[in-house]
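To keep things clear, I will list the structure first and then write my remarks on it.
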Amino acid sequence: MNYQSILNSIEQEINIHDFEGKVANYIPELAKVDRNKFGMHLHCINNGHYAFGDSNERFSIQSISKVLALIMAFELERDAIWKRVDVEPSGDPFNSLVQLEYENGIPRNPLINAGALVICDILVSHLKNPKADFLNFIRKISNNPTINYDEKVAKSEKEWGFRNSALLHLMKSFGNIKNDIETILDFYVYQCSLTMTCKELSETFMLFANKGRILGTNEQIIPWNRIKRINAIMMTCGFYDEAGEFSFRVGLPGKSGVGGGIVAIHPNYYSVAAWSPKLNPKGNSAIGMAALELLTTKTELSIF
Ligand code: GLU
């Protein structure tokens, strides 16, 4: 299959000016990003690389990082984590508080903010230096020592993190948060501030397409049965209250972030990342979704 010509046709077919969408501005630092950026990178299991547009520019991966924190916590606590966070789609916005109240402080899944904050709490309990240890883990699975946090974005989010702070307080009242709230919030905003290019993101997520092995060295970092479960959670919960729509249109497990990035994987075939900061009303990249829909349609490669 000529993947590069398929990507070129996607780039030509999508006119970014046809798409409405707002750059996330509740984190002031994110509002500064040029809304017309658009790039995509496809990384195939045979180590092929295909790309277009702004695919080599770093952006804030935001919630995409929740998958990476989850896999680390899953390694540390194994199935005990499912006592503190469920695996059901939420159908509510990512930062909603309502379900938590009537579900006794147990978040619906680890990819909404409440669930991701519980995962941060678990990491803070286990890691000596949570920020440094998490970063080292990401550098290892991406095979890229240059991946880093964006301090400005982290600080900007922390100043405006009232909802996340509220989620933590509510869950603490139910006994589902063990550590100091400030410490968890600080780790969480750093985790979300990781920056990557589409190429780096697709390389990092190759782990999920390659049964938990690093492509190239073939080192088994995560057992396949745990990768299988995380992929299932990405499929059902990876796109806020639009997970059904993403599954319907694209047909791949994936995760989005309010920085406008989307990563998706086709197990045993490829991982792919798209970036465009214009978000639809549900908080997903409108253009990123359209590009990925075209990719699975044109390649006839979706998990369905
Ligand atoms: N750090 C962001 C927040 O908590 C992440 C949101 C997202 O990307 O969905 O609001």
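Whatever order the structure lists ligands and atoms in, that order sets their numbers, starting from 1.
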Pairs of nitrogen or oxygen atoms, one from ligand 1 and one from the protein, closer than 3.5 Å: please tabulate them with distances.
from: ligand 1; atom 1: 1 (N); to: Gln62; atom 2: OE1; distance (Å): 2.6
from: ligand 1; atom 1: 1 (N); to: Glu157; atom 2: OE1; distance (Å): 2.8
from: ligand 1; atom 1: 1 (N); to: Glu157; atom 2: OE2; distance (Å): 2.7
from: ligand 1; atom 1: 4 (O); to: Asn113; atom 2: ND2; distance (Å): 2.9
from: ligand 1; atom 1: 4 (O); to: Glu157; atom 2: OE2; distance (Å): 3.1
from: ligand 1; atom 1: 4 (O); to: Asn164; atom 2: ND2; distance (Å): 3.1
from: ligand 1; atom 1: 4 (O); to: Tyr188; atom 2: OH; distance (Å): 2.6
from: ligand 1; atom 1: 8 (O); to: Ser63; atom 2: N; distance (Å): 3.0
from: ligand 1; atom 1: 8 (O); to: Ser63; atom 2: OG; distance (Å): 2.9
from: ligand 1; atom 1: 8 (O); to: Tyr240; atom 2: OH; distance (Å): 3.4
from: ligand 1; atom 1: 8 (O); to: Val258; atom 2: N; distance (Å): 2.8
from: ligand 1; atom 1: 9 (O); to: Ser63; atom 2: OG; distance (Å): 2.6
from: ligand 1; atom 1: 9 (O); to: Tyr240; atom 2: OH; distance (Å): 2.6
from: ligand 1; atom 1: 10 (O); to: Tyr26; atom 2: OH; distance (Å): 2.5

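- The aromatic rings of Tyr269 and His266 sit tilted, their planes meeting at an angle between 30° and 60°.
- Residues Met1 and Leu301 form a side-chain contact, since some pair of their non-hydrogen atoms from C-beta on lies under 4.5 Å apart.
- Under 4.0 Å is where a charged nitrogen must lie from a carboxylate oxygen, and between Glu293 and Arg249 at least one such pair does.
- A salt bridge links Glu13 with Lys298: the closest approach of a Lys/Arg side-chain nitrogen to an acidic carboxylate oxygen falls below 4.0 angstrom.
- With contacts defined as side-chain heavy-atom distances shorter than 4.5 Å, the pair Ile262/Lys255 does not qualify.
- Partners of Lys140 according to the salt bridge (Lys or Arg N to Asp or Glu O under 4.0 Å) rule, which considers only residues two or more places apart in sequence or in another chain, are Glu219.
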